[in-house]
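Below is one structure, written out as structure tokens; comments come after it.
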Number of protein chains: 2
Amino acid sequence: MMQKPARERKRGSGAQYVYEILREEILDLVLAPGSPIDENQLAERLEMSRTPIREALVRLAGEGLVTPLPNRSTVVANIDFFNLHTFFDALTLMYRVTTRLAGEYHTPADLELIRARQEDFARAVENQDALAMIATNREFHAAIAEAGRNPYFTGLFCRLLDEDQRILRLYYSSFNDQLPKRYVAEHEQMIAAIEARDINACDRLALAHADQIVSQIQSMISRGVMRTVPLD
Amino acid sequence: MMQKPARERKRGSGAQYVYEILREEILDLVLAPGSPIDENQLAERLEMSRTPIREALVRLAGEGLVTPLPNRSTVVANIDFFNLHTFFDALTLMYRVTTRLAGEYHTPADLELIRARQEDFARAVENQDALAMIATNREFHAAIAEAGRNPYFTGLFCRLLDEDQRILRLYYSSFNDQLPKRYVAEHEQMIAAIEARDINACDRLALAHADQIVSQIQSMISRGVMRTVPLD
DNA sequence: TGTATAATTATTGTCGACAAGATTGTTGGC
DNA sequence: GCCAACAATCTTGTCGACAATAATTATACA
């Protein structure tokens, strides 16, 4: 028997919809790291059966955003503070590689998009909106990666940016210092290097930018300005 | 109503089982790139319902081994010969990074495992068994990556090695030249560099090794020794 | 005979149901 | 009063069923 659809959903959009909702809630820390995900409860909330929900969970597990415990509930992936250095290594390398490749392969249309993202970021900094800074910074670097045209690198990089976003959200209350303005300037330099197709400059600037971000996160952690309770 | 299980499978192993079977058949080209995967047929062959099969397909799609066409059948992922350079770029970088990190972080136990894998590879070369060479070479480099202890890099690297395996299998008939012996020697040098924790040597050797492999694949392609019909 | 449209079939996406296993609560023994 | 065995409950993994969509075949008309 057919279950009443809450709104007239199109066929095939169910699992996709659940995937997007869950992904967003995980990245925004609406769902706290480590908290269990109740399939039945979700099915009730989103007014569909467990099948598309399970499909979304399998996909999220593949991206490491969720950890399925066999015969036990699936939980939101924890942030591994003990192995952050592996995260920093990977993030730094991907910053460098994607920016280099952008310098090599970008088109005028790519540059336009990158500039638009940079404007979004600058506006967020102007408004001192920490949450918007996190999101727009992510989009800026994702746009650069896209211009590099290497799906293997963009895939890994976007995963790392996802994790970065979760970490930054944990600490975002201390995001209103003088650093963001420096990031705006560094972004501008990166754009210039990409446009000039100066690969060495791209690499150097991306490395410096990554080091900035890494040391900011490390300082946030050591100062212990962690949000203890997630949004909810 | 319960369907008869062909063999007494343990609960929770169904989807995992299908995933492993399909993954192996895709990497071994038993399932040709581009060929459609029939859920009903698979369900009949593996004697289970479509649910665990769909879960396996979703997982494989996440790893890029399979491409789901919306409201149409899922197909085995094609090999993109037009963008091979992005693949080579990523493979080369991951060879370098994982070998470097192995030089930095390996333990004696890691080295032991790497040496065992190298012996497997040498034996395959000795026997002129091209299929075994492909498999053991993969395991050798995966072991090095594991010693580097960075799950982000090992994750991407293993995906690349999977794709590499599919490409090599396409051309494996031309794998019985003088090159494999050179690979054995290069592997030995890499092991020595890792053991000596000589990061620069690790990087240099991995780069040279990667270049070898890339140019071998390119020459295979240009010489057009492609298998036209997959194993089946 | 060729093309456009309608009927038929096949396949996918989603559903409710149910059993195996895990979790929690209860009772009883020491 | 604390721990162990058992019972009750909840959750997950899998199943068969069914409707919506795509593919295929049949049919009508130019």
Side-chain angles (χ1 to χ4, degrees), chain A residues 1-23 25-26 31-32 34-62 65-78, chain B residues 1-23 25-26 31-32 34-62 65-78:
Chain A
M1 198 181 301
M2 185 73 178
Q3 174 175 325
K4 60 155 199 266
R7 209 139 308 167
E8 299 306 328
R9 267 185 290 100
K10 281 177 221 107
R11 175 192 171 80
S13 67
Q16 180 67 21
Y17 176 67
V18 179
Y19 168 80
E20 284 163 10
I21 293 276
L22 277 181
R23 180 189 152 79
E25 293 189 348
I26 291 171
L31 297 172
S35 64
I37 298 179
D38 187 315
E39 294 177 6
N40 295 316
Q41 191 178 314
L42 252 180
E44 200 174 343
R45 176 153 79 88
L46 302 181
E47 302 182 69
M48 59 181 73
S49 94
R50 278 174 52 229
T51 307
I53 280 152
R54 294 191 110 244
E55 178 175 331
L57 288 177
V58 171
R59 280 215 267 162
L60 290 167
L65 288 176
V66 126
T67 310
L69 310 176
N71 269 327
R72 210 104 32 85
S73 83
T74 302
V75 300
V76 178
N78 271 303
Chain B
M1 200 181 301
M2 186 71 179
Q3 174 176 325
K4 59 155 199 273
R7 209 140 308 165
E8 299 305 329
R9 269 185 289 99
K10 279 177 221 107
R11 174 191 171 78
S13 66
Q16 180 67 22
Y17 176 67
V18 180
Y19 169 80
E20 284 163 10
I21 293 275
L22 277 181
R23 181 189 150 80
E25 294 190 348
I26 292 171
L31 296 172
S35 63
I37 298 178
D38 189 316
E39 295 177 7
N40 295 316
Q41 191 178 313
L42 252 181
E44 200 174 343
R45 176 153 81 89
L46 302 181
E47 302 182 68
M48 58 182 71
S49 94
R50 279 173 52 229
T51 308
I53 280 150
R54 294 190 111 246
E55 178 175 331
L57 288 178
V58 171
R59 279 216 267 161
L60 290 167
L65 289 177
V66 124
T67 310
L69 310 176
N71 269 325
R72 209 102 37 83
S73 83
T74 302
V75 300
V76 177
N78 272 303

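Reminder, nothing fancy here: chain letters follow the sequence lines and each chain counts from 1. As a basis for the values below, the full set of heavy atoms in this structure was taken, side chains included, without hydrogen atoms, waters or symmetry mates.
For B:Glu39 and C:dT12, the CD to C1' distance is 6 Å, given to the nearest whole Å. Across the protein-nucleic acid pair, A:Arg50 atom CZ and D:dA17 atom C1' stand 17 Å apart, rounded to whole Å. Atom CD of B:Glu55 is separated from atom C1' of D:dT14 by 10 Å (rounded to the nearest Å). Taking atom CD of residue B:Glu44 and atom C1' of nucleotide D:dG16, one finds them 15 Å apart after rounding to whole Å. In this entry the distance linking CE of B:Met48 with P of D:dG13 reads 14 Å, nearest Å. Distance, B:Gln16 CD to D:dT14 C1': 16 Å, rounded to whole Å. As rounded to whole Å, 13 Å separates atom P of D:dT14 from atom CG of B:Leu46. Rounded to an integer number of Å, the gap from CG of B:Asp38 to C1' of D:dA23 is 13 Å.
The side chain of B:Pro52 lies closest to D:dC15 when the candidates are C:dT14, C:dT12, D:dC15.
Looking at heavy atoms from C-beta onward, A:Leu60 lies out of side-chain contact with A:Thr74 at the 4.5 angstrom threshold. Side-chain contact between B:Thr51 and A:Arg54 is absent, with no heavy atoms from C-beta onward closer than 4.5 Å.
A:Ile21 CD1 to A:Leu42 CG: the interatomic distance, rounded to the nearest 0.5 Å, is 9.5 Å. If you take OG on B:Ser73 and CG on B:Asn40, they are separated by 11.5 Å, rounding to the nearest 0.5 Å.
Under 4.0 angstrom from either OP1 or OP2 of D:dT12 there lies no side-chain N or O belonging to A:Arg72.
Using a 4.0 Å heavy-atom cutoff across all strands shown, A:Asn40 reaches at least one base atom of the nucleic acid. Nucleic acid contact class of A:Thr51 (heavy atoms, under 4.0 Å, all strands): base.
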